[in-house]
Structures are given as C-alpha cells and as structure tokens.
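Take a look at the structure set out below.
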Amino acid sequence: MYTFSFYPYQYPFKTPLQTHHGTWEQREGIIVNLTDTTGNTGKGEIAPLPWFGSESFSTALGFCQQLDNKITPETIYNLPDSLPACQFALESALADLTATSSPSPTPSQLSHLLPTGETCLHHWQTPYQQGIRTFKVKIAVSPLRQELSIIQQLLNLLPPDCKLRLDANGGLTLDTAQQWLQRLDHYSKLEFLEQPLPPQDWTTLCQLSQTYQTPLALDESVATLSQLQACYHGGWTGIFVIKAAIAGSPQKLKQFCQTHSLDLVFSSVFETPIGMQAAFRLAQDLASPHRALGYGISHWFNSL
Ligand SMILES: [Mg+2]
C-alpha cells in the first residue's frame, strides 16, 4: 500500500505551438507521488493529450481526486485502458521508487523542435552549435506552396550532418502528401515524414509508404499500445512514433516492443522532466539507437 498525493500544474508555452491540430498555448498536467512505508517517494506525471485520444486533463484530475490517498500496485496495474496517461504516470512512479539511473541524453541524441513557418530558418543555428543534429518542423499549417518553399530552403541551409523530420499531424491529403514526397524525396537529410494522412486513411498511408524513398512514420495512428499493435499486425513496415506518456502501461509497451521488431522513435508530449525521465528509461531499452529522441522541447518553455 502506498500513500498517494498529486498536484496539478500549468505551464504556458513561450510562444504558442502551431500544429495541424491547432494552436497550443498551455501545457496542463498532474504530478503524482507514491510514498512507501519507509518514506521513499516515487514521482510520475500525467500529461494528457486528448486530441490524440488520451483521457482529458479533467478526467485525469477526477481520477486522482477519487483515489482517497492510498493505492496498491494491483490497482495501478489494473487501471482501465481509458486512462492511458494515468497508467503511464502511476507505473512510472512505482518504477521511480526503485530506479537507480537517471538517463540524460546528449544534444546529439535529441531531436529539436523548430518553430512552425518561416522562423524555422533562423532557429536551427544555435542548437546546432550546441550539438543538436536532428531537427523537426510541423507542416500542414500554412498553404502548401509556401511551406514547401520554406522546407526546401531549410534543407538546403542545414549542414550535411543534420537530419530533418517533418510532421504533418495527419493534415495532408493524398495529393498534397504526394507533392511533398515528390519534391523532397531526393534529400538524404530528410529523415522521415510523420503522419502525412489521418489515421483513418490507413490503406492509403500504407500505399504511400511503399511508393517513395522517404520513410514515413506513424504517430497519431499509434497513440496507444492497442493501436500500435493493430498497425504492426496490419503490416506497417515504416517507423512508429511512441509518445510514452500517453501510450498506456509502460510494462505492457515494453513487453510488446521487446518481442517484436519495430523501428521506434520516442517523442515528447511536452511533459516536464518527471515524465521525460520515465520515458527516457523506456527509450533506453526500446528506441532505435540510430534515431534521435524527440525530446528537444525545453526551449518552448521558460522553465519546467
Ligand atoms: Mg507527431
């Protein structure tokens, strides 16, 4: 039996984040603590992303409020799949009680999220000097022609030892996705195009991934473990983006990923360092070692 406590937090983005899902101004989440009988405390983080299909902040808060200050490991391992961010947080807090290492990736192991739009052309230089070699930009926000021109400029500007990830958040059509891929397919710096089409366009996504050299990655399609399993068994041979904080039980995720061969990129949901630590511990065991971790996001906040 552990003593359970929690506190909600809100962190505004320095500049609101523009994606195809809209404008995001403030990260809301909940830090959870489990304290054992000897006074040791393990921390975890609930960082929901409801537009990806996780529970909402208010559902997670309601769950914490009804827990009555006590919780057992049995309860934690049997939380319903409708609470994936809570599953992650509480299992992470349990693991944190006995964790010995705190992984801290070097800049070269991180993918740095650049601002959306033309400003991306002026924001890669400083992180590059700090050792960052993988960058990411959100697309499918402004008109196609404008975005294509900016991204082509960026690809030409980035030094040859850099990689670029593009994330459409499901905001392209077959026609616009083809235009992106035709135009950029010869750039070896383009590491992958993430979720060009929405999850419901599964068959077209699979066909698209067979047509061009540029690898495609699924993100929105594989937000939870059951979706990841469905896409894997459905024959996806490209990259899978794992947002550990909303994927559900880390133990079950680990079990699946260690018994199947998947090309995995771990990626942030703009959680605090508490959630990140738990995700890094998982990524250490599961992430494809040649792919940067999508956690280069601290510059989006004043402090976390
Ligand atoms: Mg994404």
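These numbers come from the heavy atoms of this one structure, side chains and all, not from hydrogens, waters or symmetry mates. Counting starts at 1 for both ligands and their atoms, following the listed order.
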Could you pull out all residues at least two apart from R291 that satisfy salt bridge (Lys or Arg N to Asp or Glu O under 4.0 Å)?
->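 For R291, the residues satisfying salt bridge (Lys or Arg N to Asp or Glu O under 4.0 Å) (neighbours in sequence not counted) are E191, D263.
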Could you pull out all residues at least two apart from D161 that satisfy salt bridge (Lys or Arg N to Asp or Glu O under 4.0 Å)?
->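 Partners of D161 by the salt bridge (Lys or Arg N to Asp or Glu O under 4.0 Å) criterion, ordered by chain and then number, come out as R133.
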Atom [atom1] of [X] with >12 non-hydrogen neighbours under 6.0 angstrom:
X    : atom1 : answer
Q125 : CD    : yes
Q255 : CD    : no
Q152 : CD    : yes

Hey, which protein N/O/S atoms does the Mg ion (ligand 1) have under 2.8 Å?
->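 Near the Mg ion (ligand 1), below 2.8 Å, one finds D167 OD2, E194 OE2, D219 OD2.
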Side-chain hydrophobic cluster, 4.5 Å single linkage: members besides Y77 | Y2, F4, F6, I30, V32, L34, I46, F57, L61, F63, L67, I71, I76, L79, L83, L90, L94, L97
